[in-house]
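Taking it in order: structure first as structure tokens, then the write-up.
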Amino acid sequence: MTMWLAGFAVLLVKMALVLGVALLGAAYLVLVERKLLGRMQLRYGPNRVGPFGLLQPLADGVKMILKEDLVPQGADRFLFMMVPAVLPLTTLLAFAVVPFGTELTIMGQQVPMVITDLDVGVLFVLSLSSVGVYSLALGGWASNSKYSLLGAVRGVGQMISYELPLGLSLVPVIMLAGSMSLVDIVNAQADMPFIVYQPVAYLLFVLSALVEVKRTPFDLAEAENELQAGFHMEYSGMRFALFFLGEYLNMIFLGAFAALLFLGGWHGPVLPPFAWLLIKTAIMPILLIWIRASLPRLRPDQMMRLCWVWLAPLALLNILATGAVMLLKG
Amino acid sequence: MDERKGIAASAVEGTRGILEPFWVTLRQLFRKPITEEYPEFKRTLPERARGRIVLTRSPDGEERCVACQLCSAVCPVSCISMQSAVREDGRRYAEWFRINFGRCIFCGLCEEACPTLAIQLTNDFEMSADAPMQLVHEKDALTVDHGGRHPDYDFYRHAGVAVGREPGSHEDEDAPVNPKSNFP
């Protein structure tokens with residue numbers, strides 16, 4: 001009984017830690033993005049609140065809470081109120097299967113640095129990202145606005161299409177690791193990160209992930225010149241902030257996911273495992289910001305063509321090639 | 001894809017087109033921002049910058065405004081209103097004068113229309129307010145104790161009804177003509 005209680009307490013602490021780190025990371029990722037974009041455009045970015053603008057996320061939060069929270073007259077009130085929570089929720093749930101390092105030994109007990117080691121971790125993550133599509137679809141629907149609905153339809157089409165190359169690009173990794181558990185996948189990369197064996201899969205994954213988080217050059221769901229802001233056009237105040245938070249959490253999570261699947265997770269010399277995972281996780285968001293600063297938006301048909309004509313077949317070929325090599329090597 | 005080029009050439013060109021912007025943005029990252037940080041750094045505005053509107057005074061300290069309504073008439077957004085009145089010595093002045101800066105577009109047409117150079121735009125643009133009504137400035141707030149850009153100009157020395165003066169006493173004005181002595 002005492003053991004069970006202690007285990008429960010450890011679990012709660014782990015969950016609180018992961019939640020705090022993820023939310024703080026998302027808040028500061030917004031600041032990092034604004035700063036970085038600013039410097040790329042020869043301006044400073046936020047530098048008013050606190051030293052170097054470091055308290056900007058706090059000010060943003062206060063502002064978001066104080067802003068008026070409008071619900072449009074024709075909106076489906078219940079859905080409209082509930083939907084913004086879906087995106088951050090699914091992304092936060094996905095963090096549950098992320099292994100942050102080796103097992104810690106606390107008072108003679110082995111404590112794994114992961115909230116839960118699911119046997120189907122990858123599948124769990126992919127299904128959660130599918131649930132995340134609901135926030136977009138229902139957000140556009142519940143607003144009862146033409147532009148929101150159009151944005152939602154476009155966004156849903158994009159996200160569902162790109163789940164295919166995203167999922168297929170992970171298959172070779174699962175084949176190499178022989179497991180769907182993220183812990184096992186990271187352990188399988190102890191000698192060599194999978195990006196060395198699977199550069200094509202990594203490229204496919206990054207591209208599909210870019211579309212999954214709906215960021216430039218694939219942010220068609222919120223193209224402001226034809227759709228105002230797409231599916232979240234009618235949202236304001238904290239509800240809008242939740243969509244925003246979800247997007248940035250998603251960026252961080254995809255960074256972590258790429259790090260776990262392709263870059264060797266927490267494996268690395270000298271530095272502690274958690275620091276390595278943090279560094280590898282940071283690569284993806286920084287890359288996404290850099291891409292946002294550099295590339296213009298694609299047309300919907302160009303984006304769909306990229307998915308169905310290039311990425312999906314390439315992912316299938318990659319699976320075939322990986323299988324063939326594995327078969328030949330025995 | 002361009003029909004005249006081969007697939008390889010198009011692929012090279014396309015790849016370059018995608019990768020080059022990354023180099024461009026990366027280069028900017030290491031340059032100093034060109035931002036002027038406003039509250040700390042205030043640059044000197046051009047002399048004719050159009051900011052807050054004032055009502056100026058002539059060199060002898062009199063109000064220049066004669067409430068002729070020309071500025072109000074020319075104002076495209078109708079933000080200027082006034083009531084004219086006549087002083088005991090017969091000179092006109094504005095009983096009240098009101099500019100709604102919430103509507104003003106700082107076009108400067110009022111300044112151009114003003115025959116007495118009374119209404120002038122200044123370089124001061126820091127005039128935000130908490131409430132819309134605070135942007136409605138009355139005559140007291142608008143009137144300044146100097147001549148603005150034209151400190152030495154006095155309308156009544158050059159033109160207009162010579163209030164309190166003899167006819168022909170204006171600068172550049174000939175003495176009054178006696179019509180009876182002017183026969184051919």
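Throughout, a chain's letter reflects where its sequence line sits, starting with A, and its residues are numbered from 1.
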Residue, of B/Arg31, B/Glu20, B/Arg27, that accumulates the most heavy atom pairs under 4.5 Å with chain A: B/Arg31
Residue among B/Phe30, B/Trp23, B/Phe22 with most heavy-atom pairs under 4.5 Å to chain A: B/Phe22
Note, A/Arg43 side chain near B/Glu36 side chain (heavy atom, < 4.5 Å): no
Any A/Met40 side-chain heavy atom under 4.5 Å of B/Val24 side chain: no
Heavy-atom count check: over 12 atoms from other residues, nucleotides or ligands less than 6.0 Å from [X] [atom1]?
X: B/Glu47; atom1: CD; value: no
X: A/Trp310; atom1: CH2; value: no
X: A/Arg48; atom1: CZ; value: yes
X: B/Phe125; atom1: CZ; value: yes

Distance (rounded to the nearest 0.5 Å) between A/Ser294 OG and B/Ile18 CD1: 11.5 Å
Distance (rounded to the nearest 0.5 Å) between B/Thr25 OG1 and A/Arg39 CZ: 14.0 Å
Region of A/Arg292 that comes under 4.5 Å of a non-hydrogen atom in chain B: neither
Distance-minimising heavy-atom pair for A/Leu295 and B/Pro21: CD2-CG, 4.1 Å
Nearest atoms (heavy-atom pairs only) where B/Thr35 meets A/Leu42: OG1-O, 3.6 Å
Proximal component of B/Glu40, with respect to chain A [non-hydrogen, under 4.5 Å]: side chain
